[in-house]
Amino acid sequence: MNPKILLSTPHMGGNELKFIQKAFTDNWVAPLGANVNGFESDLEEYLGNGSHVAVMSAGTAALHLALVMLNIGAGDEVFCQSMTFAASANPIAYVGARPVFIDSEKETWNMCPEALREALESRAKSGRLPKAVIVVHLYGMPAKMDELTALCEEYNVPLLEDAAEALGSTYKGVKCGTFGKMAILSFNGNKIITTSGGGALVTKDQALKKKCIFLSTQARDAAAHYEHSQIGYNYRLSNISAGIGRGQMEVLDERVAARRRNQAFYSELFKDVDGIEVFTEPNDDFFSNHWLTSILVDPAKAGFTREDMRLKLLNRGIESRPLWKPMHMQPVFQGSDFFGSGVSEELFRDGLCMPSGSNLGPEEHERIAEGVQCLVPNAAWSPTA
Ligand SMILES: *Cc1c(COP(=O)(O)O)cnc(C)c1O
């Protein structure tokens with residue numbers, strides 16, 4: 001029996017254990033140490049553009065602290081892209097604020113500037129602008145940052161970037177994660193690089209980095225005893241996990257290249273298939289890490305649904321998954337306001353994420369192609385040398 005082909009699995013580079021070994025040798029088995037500082041420097045160097053990075057126990061924790069640092073609380077509203085993973089929106093609830101969900105546009109599947117404008121205009125009229133706008137770069141595809149940034153500047157609302165899926169992606173040559181007032185990254189097990197669990201806050205404001213580290217280490221004031229004047233959190237990344245991160249940074253560019261090769265494979269596979277569209281950058285301003293390659297299935301043209309495809313692949317031990325279900329359709333956020341025209345609902349109905357791990361090679365591609373050909377005999381595929 002062939003092993004299952006999963007959507008996205010961890011892919012170690014080789015040197016991770018050396019960094020962990022060093023932490024053991026030095027007995028820095030704690031949420032601080034050389035790996036924590038080193039991982040932060042590696043990320044700062046990689047992102048460039050004057051970035052300061054604070055590594056956290058999760059991307060969700062980093063986003064929570066971003067909202068805390070903006071003093072967002074009960075009675076406030078935060079605009080959030082609807083088409084995303086729940087972790088983009090949950091921290092809004094953690095601070096007692098209310099999410100307002102914004103639809104996607106069809107080119108990048110990310111926040112629609114038209115819908116954002118409509119929402120901002122509507123809230124400006126009633127004199128209660130949101131305290132932040134959370135924009136996501138879904139599946140690694142950069143959002144339309146020029147338009148979204150201009151709108152947030154016009155209304156003087158801080159833009160937060162959820163770049164959890166987009167490490168290595170660029171918009172007009174600038175790395176995702178360096179556009180917003182603050183951004184978050186994730187190093188969860190399924191992401192482009194992983195520390196098993198982990199995340200980061202990225203900002204150009206060094207004071208915010210310091211504040212984030214302060215809050216994430218229990219908000220301890222300077223004193224010999226334990227003195228606290230603010231509520232603290234225990235969100236700092238461990239020196240062991242950071243060691244994995246240091247090893248992963250050595251292979252990040254290779255991981256991006258491998259994910260992009262997967263996307264090229266699927267583009268070739270489906271190029272002559274009616275009714276299947278492979279998610280691709282709209283133009284050269286956008287460079288996606290293609291964390292997950294996704295397709296849209298138009299049942300009227302294809303003669304089958306995305307669910308038919310998913311089940312056919314599953315039968316052959318190949319995992320695929322529907323796109324993120326929009327937050328305004330989720331039971332937990334029932335009753336939240338939503339601005340848009342239904343694009344995210346259509347994407348959810350027709351979209352499927354294909355196996356996209358950086359560790360998929362020609363053998364896995366062959367098995368996936370054979371699985372697809374069960375349903376779509378004219379899918380183009382021939383073994384590459
Ligand atoms: C993975 C992910 C997160 C959360 O990151 P964790 O490190 O798992 O907490 C947030 N937003 C998006 C879009 C994600 O994909």
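In listed order, ligands and their atoms are each counted from 1. Heads up: numbering here begins at 1 and tracks the sequence.
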Compile the donor-acceptor pairs under 3.5 Å between side chains in residues 112-120 and protein atoms, sequence neighbours left out, one pair per line.
none

Q. How about F24 and F19: are their ring centres within less than 6.0 Å of each other?
A. no

Q. Is the side chain of K209 donor-acceptor paired with the backbone N or O of V53 at a distance under 3.5 Å, no angle test?
A. yes

Q) Counting N and O atoms only, with roles assigned by atom type, does the side chain of T280 sit under 3.5 Å from a partner on the main chain of V278, one being a donor and the other an acceptor? A) yes

Q: Tell me the residues surrounding ligand 1, counting only those with a heavy atom closer than 4.0 angstrom, sorted by chain and number.
A: A58, G59, T60, T84, F85, A87, S88, V136, D162, A164, E165, S186, N188, K191, G198

Q) Do any pairs count as a side-chain hydrogen bond (donor to acceptor under 3.5 Å, both in side chains) and have a residue in residues 128-140, sequence neighbours left out, and if so which ones? A) D76-K131, E77-R128, H137-E161

Q: Not counting sequence neighbours, list each pair that qualifies as a salt bridge (Lys or Arg N to Asp or Glu O under 4.0 Å) and has a residue in residues 275-285.
A: R260-E281

